[in-house]
Amino acid sequence: MQFHLPTAEVFVPDGLPVEAALARTTHLAIAAHQDDLEIMAAEPILQCFQRDDQWFTGVVVSDGRGSPRDDLYKDYTDEAMRLVRFKEQKKAAVVGEYAAQVILDYPSRVIKDSANLQPLEDLAALIAACRPQVLYTHNLADKHDTHVAVALRAIAAVRRLPEADRPRHVYGCEVWRDLDWMVDEDKVVFDVSAHENLQAALLGIFDSQICGGKRYDLASLGRRRAHATYYASHGTDVATGLTYGMDLTPLVNDPDKSPQAYLQEYFQRFTQDVMGRLARLT
Ligand SMILES: [Zn+2]
């Protein structure tokens, strides 16, 4: 597998050759940063855990150089920080039994530059090599620029592939901004009730991010629990953990539709829901 940057890495926890490791992928997730996969793609990671017929491959597009740092890591240079974050991501791949962990090593400014096609081309080659059934990336209403840029590149990459090679489903997932605002009919609901211990372990690996006082581990598990309770106002909780996805499949399969127009449809349904209730009750 040849990427644009010579420093890009593919790590295969069980040592299978890279091409074979990627080819077994059934669930592929493409995220901006080290730790985003474990926050947003818990469901496919759990689904593929301890299976030999379903495999999760994670892709991190950025290099981790610009990460905030504190405590134990406060004097680390950008390069030292990059190495720590690569190491943490590989540890997660071992614990979660990923088919492969890819790190493309792009600086954020390159990812955000829509004129630079290198990240998109790498992603298209990867998706073609993995031919996943399901693809997960960031949702388009996320509030982090690099996350949204990664989602846009992933969508563009899938659109380049022949229809037969595209994943059957493409979902945008939650990191910086959850998807509770979407009307219930629009939510793609992922049950992550199982293996809470494993979820905690995966989130806890990213010490360099948590150590500075950002408890992404507790926050992510708390969000999953909150979704499970607040999903439906009637009846008792069936699941103890949920995450939400935005279905991006129609957008990927319709090259004439802009991401803005597609998102506008979600906003309209949200507006109708809120305004309709107010009108009914006023
Ligand atoms: Zn991120």
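As the structure lists them, so they are numbered: ligands from 1, and atoms in each ligand from 1. Quantities reported herein were computed from a predicted structural model and do not represent experimental measurements. The basis for the numbers below is simple: all heavy atoms, side chains too, and nothing from hydrogens, waters or symmetry mates.
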Donor-acceptor check, side chain of Asp247 to backbone of Tyr171, threshold 3.5 angstrom: yes or no? no

Got an N, O or S from Asp36 under 2.8 Å of the Zn ion (ligand 1)? yes

Side-chain (Gln199) to main-chain (Val192) donor-acceptor, under 3.5 angstrom: yes

Among the N/O/S atoms of His33, select the one at the shortest distance from the Zn ion (ligand 1) and name it. ND1

Donor-acceptor check, side chain of Thr25 to backbone of Phe56, threshold 3.5 angstrom: yes or no? no

Is it the case that over 12 heavy atoms from other parts of the model lie below 6.0 angstrom from the CD atom of Glu79? yes

Verify the distance test for His147 against the Zn ion (ligand 1): any N/O/S atom under 2.8 Å, yes or no. yes

